[in-house]
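For reference, the structure is listed below as structure tokens.
Computed from a predicted structure; not experimentally measured. Position 1 is the first residue of the sequence; numbering continues from there.
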Amino acid sequence: MTTGRTSAAPRHTAGALRLVEASTPRPTFVDISEYARQMTAHCPYLAPSLQQGLTSWTVYSADGDAGAVEAELFHAGVQAAEWLRPLLNRPHGALRCENIVLLGDVPGARHRDLMAWPHWALKNLYGPVGVMFGKFYAGEEEVTTAGHRIPAAPASFLPVRAAVRRRDPRFLSATPDLAAALAAADDDDRDVFEHIPTEWTEIRTWARHLLPPAKPSPSSPGTPASPPRFSS
């Protein structure tokens, strides 16, 4: 199993996410079953994944300031991705999905804010090896690229799954470099941290440089200061 090098650097943010429930197909701290059933209408892989117990949920509660929770969400995403990588080429690997659930409040920060940078960094870090990250926010109804409404999630979470190379790049038209990397994804057991730093503040700076150029407008010229919403 490939292991991310994040463990090689001191994690001063450790403890900002408290583990509430370890990975399980049937979490008890969040009522996810009806939501998951409704979502099968929008994801062709979800129904067989649920039937075989290959969709799991790890539940965390925020227990720190915004920066520390961001950092620990990123580390939780790395842990999930590295656990999945060796499994994706095994039987039913394409059906595996690990979901990182975020509970609790952080003063002055919405879940949308807390998840934005970890999601963007993880998506760019693991897209080239065929691991896809998404993001959903508690109580917020989403709309697909085809204009279909999907149910509001009962809790905020980051899904981590195998990329579908013939399908997922279409959802990334606003980030063509990321779409191209995902379309050509190949997991050669590389250390994804080989050429980037391991401290979260430096990783966030690295991820900022990957933001697509902002479309010029009188109100917001230049490069966007936060990850694009279209990257979910």
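No more than 12 heavy atoms of other residues, nucleotides or ligands shown are found within 6.0 angstrom of CG on Asp105.
Judged by distance alone, with hydrogens and angles left aside, the side-chain atoms of His111 form a donor-acceptor pair with the main-chain N or O of Gly104 at under 3.5 Å. Side-chain N or O atoms of Ser49 include one that pairs as donor or acceptor with a backbone N or O of Leu95 at under 3.5 Å. Proximity of a side-chain donor or acceptor of Asn124 to a complementary backbone N or O of Ala121 within less than 3.5 Å is not detected. When atom types are taken as modelled, the side chain of Ser61 and the backbone of Arg18 share no donor-acceptor pair closer than 3.5 angstrom. Within the 3.5 Å criterion, the main-chain N or O of Pro27 finds no donor-acceptor partner in the side chain of Glu21.
Minimum interatomic distance between Ile203 and Pro197 (heavy atoms only, all atoms of both residues): CG1-O, 3.4 Å. The minimum heavy-atom distance between Ala155 and Val30, with the atom names listed, is CB-CG1, 4.1 Å. In plain terms, the two heavy atoms of Pro159 and Phe136 that are nearest each other are CG-CE1, 3.8 Å. Among all heavy-atom pairs drawn from Ala81 and Val131, the shortest one is CB-CG1, 4.2 Å. The shortest heavy-atom contact between Leu114 and Glu70 is O-CG, 3.4 Å. Leu210 approaches Trp120 most closely through the heavy-atom pair O-CZ2, 3.3 Å.
Expressed to the nearest 0.5 Å, how far CH2 of Trp200 lies from CD of Glu72 amounts to 10.5 Å. One finds the CZ atom of Arg96 at 5.0 Å from the CG atom of Leu87 (value rounded to the nearest 0.5 Å). Taking CH2 from Trp57 and OG from Ser33, the interatomic distance works out to 10.0 Å, rounded to the nearest 0.5 Å. Rounding to the nearest 0.5 Å places CG of Leu73 at 9.0 Å from CG of Leu122. Rounded to the nearest 0.5 angstrom, Tyr126 OH and Asp187 CG are separated by 9.5 Å. A distance of 11.5 Å separates CG of Leu46 from CD of Gln38, quoted to the nearest 0.5 Å.
Using a 4.5 Å cut-off on side-chain heavy atoms (C-beta onward), Lys135 and Tyr137 make contact. Contact check for His42 versus Pro151: side-chain heavy atoms found under the 4.5 Å cut-off. Residues Arg190 and Val192 have side chains in contact (heavy-atom distance under 4.5 Å, counting atoms from C-beta outward). Side-chain contact between Leu158 and Asn99 is absent, with no heavy atoms from C-beta onward closer than 4.5 Å. By the 4.5 Å heavy-atom criterion applied to side chains, Asp186 and Val129 are not counted as neighbours. In this structure, the side chains of Val160 and Phe133 come closer than 4.5 Å at one or more pairs of heavy atoms. Contact of the Ser156 side chain with the Met115 side chain is registered, since non-hydrogen atoms from C-beta on lie closer than 4.5 Å. Thr58 is not listed as a side-chain neighbour of Val20, based on a closest heavy-atom distance of 4.5 Å or more.
Under the side-chain contact (heavy atoms from CB on, under 4.5 Å) criterion, Ala94 pairs with no residue, sequence neighbours left out. In this structure Ala68 satisfies the side-chain contact (heavy atoms from CB on, under 4.5 Å) test together with Thr13, Ala16, Asp65, sequence neighbours excluded.
Between Glu199 and Arg11, no side-chain nitrogen of the basic residue sits less than 4.0 Å from a carboxylate oxygen of the acidic one, so the salt-bridge criterion is not met.
Applying the salt bridge (charged side-chain N to carboxylate O under 4.0 Å, His left out) test to residues at least two apart or on different chains, the pairs with a partner in residues 24-49 are Glu34-Arg37.
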Check the pair Ile100, Tyr60 against side-chain contact (heavy atoms from CB on, under 4.5 Å), reporting the backbone distance first and the verdict last. CA-CA 7 Å; Ile100 302 165; Tyr60 295 94; 3.8 Å; yes

Hey, mind stepping through Arg161 and Glu98 against salt bridge (charged side-chain N to carboxylate O under 4.0 Å, His left out) and telling me if it holds? CA-CA 7 Å; Arg161 60 171 173 81; Glu98 175 66 23; over 6 Å; no

Begin from the C-alpha positions of Glu140 and Arg112 and carry the test salt bridge (charged side-chain N to carboxylate O under 4.0 Å, His left out) through to its verdict. CA-CA 10 Å; Glu140 295 192 24; Arg112 176 181 290 277; 2.4 Å; yes

Verdict with reasoning, Leu17 to Asp63, per side-chain contact (heavy atoms from CB on, under 4.5 Å): CA-CA 5 Å; Leu17 274 188; Asp63 192 17; over 6 Å; no

